[in-house]
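Since the structure comes first, as structure tokens, the remarks are kept for the end.
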Amino acid sequence: MDDLFAHKGTPRWTQTLAPGAVVLRGFAAESAPALMQMIDQLTRVAPFRQMTTPGGFVMSAAMSNCGSLGWVTDVQGYRYARHDPLTGLPWPAMPLLFAQLAQQAAYEAGFPDFVADACLMNRYAVGSRMSLHQDKNERDFSQPIVSVSLGLPAIFQFGGMQRSDAVQRIPLTQGDVLVWGGPSRLRFHGVQAIKAGTEDYRFNLTFRKAG
DNA sequence: TAGTAGCT
DNA sequence: CAGC
């Protein structure tokens, strides 16, 4: 059982945004270099690509997936798929480091049963953004979302249950892990346009139990 | 509305 | 620039 919690990340402090929503500051800071290297490896098999929304617009963030299910969008709609539409291959397996990090972060945030089967990898170049949306293509909303920030900093928008609700603006830097679930599971959220900095990209890992 | 543009 |  110990090996399930082999990830040694510890939050330097936590910040509660709402019931069921917490930022674990620096939780993944130590493993950030290893996580970035894994992203590089995984995206050699399943390359980053800019997907198209059902409305026909190209998303500014490039995406890929690992795990048994991957989030995809095209003109048909949003969904989870077992195979990469770009290559026809199954998504690469989720590295143990990823799975352990996600599970331990969820545990720290009060979700002890979380086992991710999907990891969406996002790559934001300078100027890339993600508009306000809900994560609602998953089967089981009792399981939280775990979001890991790497590379360039971002301003995360954390809203309410309706698009028109006011948003909190949360600065996220490398190693921060945001977890939201329970009553906050369906809150609208997004990412403001990434500003130029020391690095070329912001990377984000979003872990979900999709199936 | 997992976009964007445009106006207040 | 935030908020329609």
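No hydrogens, no waters, no symmetry mates; every other heavy atom, side chains included, goes into these values. Proteins get letters first, then strands, A, B, ... in listed order; numbering begins at 1 in each. Just so it is clear, the model here is predicted, and its values are computed rather than measured.
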Going by heavy atoms closer than 4.0 Å, what residues in residues 154-185 of chain A are next to DNA chain B?
A:R163
Nearest whole Å is fine: how far is [N] [atom2] from [X] [atom1]?
| X | N | atom1 | atom2 | value |
| --- | --- | --- | --- | --- |
| A:N137 | B:dT1 | CG | P | 12 Å |
| A:K195 | C:dC1 | NZ | P | 9 Å |
| A:M51 | B:dT1 | CE | P | 19 Å |
| A:M130 | B:dG3 | CE | C1' | 12 Å |

Report yes if some heavy atom in the side chain of A:F98 is under 4.5 Å from a heavy atom in the side chain of A:L205; otherwise report no.
yes
Watson-Crick or G-U stems of DNA chain C, 3 or more pairs, under 3.5 Å, by first number
B:6-8 with C:2-4
Donor-acceptor pair, [X] side chain versus [Y] backbone, under 3.5 Å?
| X | Y | answer |
| --- | --- | --- |
| A:S128 | A:S60 | yes |
| A:S64 | A:M121 | no |
| A:T73 | A:T52 | yes |

Excluding sequence neighbours, so at least two apart, what forms ring pair (Phe, Tyr, Trp, His ring centres under 6.0 Å) with A:F114?
none
Quick one: ring pair (Phe, Tyr, Trp, His ring centres under 6.0 Å) partners of A:H83, sequence neighbours excluded?
none
Give me, pair by pair, the N or O atoms of the protein and of nucleotides 4-8 of chain B that are less than 3.5 Å apart, along with how far apart they are.
residue : atom : partner : partner atom : Å
B:dT4   : OP2  : A:R129  : NH1          : 2.9

Considering only atom C1', compute the distance from B:dT1 to B:dA5 and round it to an integer number of Å.
13 Å
Ion pair check, A:D176 and A:R25, cut-off under 4.0 Å:
yes
For the residue pair A:F158 and A:W180, does the interplanar ring angle fall in the parallel (under 30°), tilted (30 to 60°) or perpendicular (over 60°) class?
perpendicular
Contact class for [X] (heavy atom, under 4.0 Å): base, sugar-phosphate, or nothing?
| X | value |
| --- | --- |
| A:T53 | sugar-phosphate |
| A:N122 | nothing |
| A:R208 | base |

About how many Å separate CD of A:Q143 and CD of A:E138, when rounded to the nearest 0.5 Å?
11.0 Å
Is it the case that more than 12 heavy atoms not belonging to A:Q37 sit under 6.0 Å from its CD atom?
no
Pair assignment for B:dG3, Watson-Crick or G-U wobble, requiring both distances under 3.5 Å
none
By side-chain hydrogen bond (donor to acceptor under 3.5 Å, both in side chains), A:D74 pairs with (sequence neighbours left out) A:R79
